[in-house]
Protein chains: 2
Amino acid sequence: MKPIRIENPQDERVSAYVDIRERDLVGRQGRFVAEGKVVLDVLTSTRRFGIESVLVLENRLAGLQHILERLPQDVPVYVAGSEVLDRIAGFHMHRGILAIGRRGELPDAAGLLDTLTGGALVAVLVGISNHDNVGSIFRNAAAFGADAVLLDRTSCDPLYRKAIRVSVGAALKVPFAVFDDPPALADMLAARGFTQFALSPRGELDIRDARCEGPLALYLGTEGEGLPEAILSRIRTARIAMAPGFDSLNVAAASAIALHRFARITE
Amino acid sequence: MKPIRIENPQDERVSAYVDIRERDLVGRQGRFVAEGKVVLDVLTSTRRFGIESVLVLENRLAGLQHILERLPQDVPVYVAGSEVLDRIAGFHMHRGILAIGRRGELPDAAGLLDTLTGGALVAVLVGISNHDNVGSIFRNAAAFGADAVLLDRTSCDPLYRKAIRVSVGAALKVPFAVFDDPPALADMLAARGFTQFALSPRGELDIRDARCEGPLALYLGTEGEGLPEAILSRIRTARIAMAPGFDSLNVAAASAIALHRFARITE
C-alpha cells in the first residue's frame, strides 16, 4: 500500500470527497462516506461493502497501518495535509479519516429474510428519520446480536455519513433492507413464523413478561406519533414500564432495552 | 401575566440571555438557561428551581399560555420578534423559548442521600463529560423512577443548557449532587446500606442475574476508560452481555438497560 499524495483540492481523484456535507443531503449515486478510525476498521474488516478509495490526513497515516493493510491492492489511499483536506471536504475535518464505500445491490426485505436461519432477531423501524437514532439503534442491534434491521422508506438511510458514525460502524455490519408497506411486512413476517412485538407506551404486555421462542421481530416507531395504527392493531404490543409523570423514553434507549431483553448472545 | 415587549437587543432586562452559546462555556454565576417548550413545562411544574425570567418569540406566546400561567406573579415574561431574539441570543433561535433559572443551593451527596427513604435507586456517574450522555442518562433516570443522580466533578454539569434539553427536562426534575472522591462515595453508600453495582464490560455478574432488595446505587463510567479501578475493586461489578466482536454500548444505552432492570415503578 503506497499512499498517493494529493496537493490540489480540485484533483479529480478525490472528487468523491468534495463538499461532503452538502452531498449528504442529495445522495451519492451508489456510494457512501465512512468517517473515522473505528468506522474504517469495521468497513475493512466486515467486507460487506466494496471500498472505492480512502482519504486521510497525513498525520493520521501511521496510526492506521494495521487497518489499511487489509485493503485490497487496487484500492487507492490518498493522503493530504490539513489545509488541502479541509478544502476538499468543505469544512474542518479534525478526524481526518474518510473512505468512499460502494452501496452495491442491497437486498429487499424478503431477500434478506431468506438468508436468516433459526431464532433470528430482527428490528423493524417505522418513521425513524433522525440519523442519531438510526445510528444508535444499529449500534444496539450489533451489540445484542440482532440479525437484521428492516426500515420503512420514511426512516433515515443507515448509510448516511452521520448514521454510520453514530453506529460506530454497526450500520456497515448488521444487514438491513428497506420495505414499503408496514402492514404488508407484518403479514410477511407472520407467514414466516416470526413472533412480533410492537413497542408502544400503551402496549398490552410488559416487555419483562414477553416471551418468545424462535424468530422475533421488534417494531420501533417515532417518539412522537409512535407506530401506525395498522401495525398496533395487527401484532402484539409490548410496553416498557415507566414512572408516572415522566413516561418519555428516547427510541434508541427503548431499542437498547428491548434488544437486550431478547439478545441472541452466547457468551 | 402581562408580557413585556423587548425592542432593543441591548435592553438590560434581557442581559442574562445575551450570547447564550458563549456563556455556556464559562458558567453563569448561579443561573442556568432552560430552552424549549417541554423543558419550560418541567421547570414551571416541578418548581425545584427558582425562575428569574422567561423570553419567548412573539409567535410562540399563544401556545405557551397554559405553561406561563403557572409562573409566580413576579416573574417577568419578555417577548421579542425573531430578529431581536436572534440578536440577543447570538444565533438563530428557531425554538424561541428561553428561561433563566436559579441554581440555588444544591445539596452535597450526603445531604441528598439524607432525603431518600426506603428502596432508593441512585445512579452514580464518573467521568461522563459529554452533555448528550448526561442529558440522556437523566432522561432515563426520570423514566425509571430513579431517586437521585450523583456525579463526580469530571462529569458534565446537568444544568448545562444542552444537557437539560437532551434530558427533556429531567435534569430539572431528578435531584442530583456532585461529589469529589468516588471511593469515598462508595464507602459512604456502603455505610448507608446501599447495594452497589459498577457497570463494566468485564463485570462478574450478568446484570440479568443481579438481585437487589433495598437501596441500590448503579455506577456508570466512560465508554473508553470505564470506571476507575478504585471503584471496580471496591464494589460488585455487573456486565451487560453483548455479542462477541461488537461489545460496544453507549453509556446512555447502558443506563437505560440497567435503570430499567431495577426500575422503581408502580404502574
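Residue numbering restarts at 1 for every chain, and letters A, B, ... go by the order of the sequence lines.
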| said: Only heavy atoms, only distances under 4.5 angstrom. Which residues in residues 37-50 of chain B are near chain A? | reply: none

| said: If you count heavy atoms of other groups shown closer than 6.0 angstrom to CD of B:Glu213, is the number above 12? | reply: no

| task | May I ask you to name which of A:Ser248, A:Ala253, A:Ala252, A:Ala254 has the most heavy-atom pairs under 4.5 Å with chain B? | result | A:Ser248

| request: Mind checking the CZ-NE2 spacing from B:Arg208 to A:His260? Nearest 0.5 Å is all I need. | output: 4.5 Å

| Which atoms of B:Ala258 approach chain A - backbone, side chain, both or neither, heavy atom under 4.5 Å | neither

| query | Hey, is CD on B:Glu225 packed in by over 12 heavy atoms from elsewhere, all under 6.0 Å? | reply | no

| request: Determine whether B:Val168 and A:Phe246 make a side-chain contact, defined as any pair of heavy atoms from C-beta on separated by less than 4.5 Å. | output: yes

| note | With chain B, the option among A:Ala170, A:Gly169, A:Ser255, A:Ala263 that has the most non-hydrogen atom pairs under 4.5 Å is A:Ala170

| Can you name the residues of residues 125-148 of chain A that have some heavy atom under 4.5 Å away from a heavy atom in chain B? | A:Arg139, A:Asn140, A:Ala142, A:Ala143, A:Phe144, A:Gly145

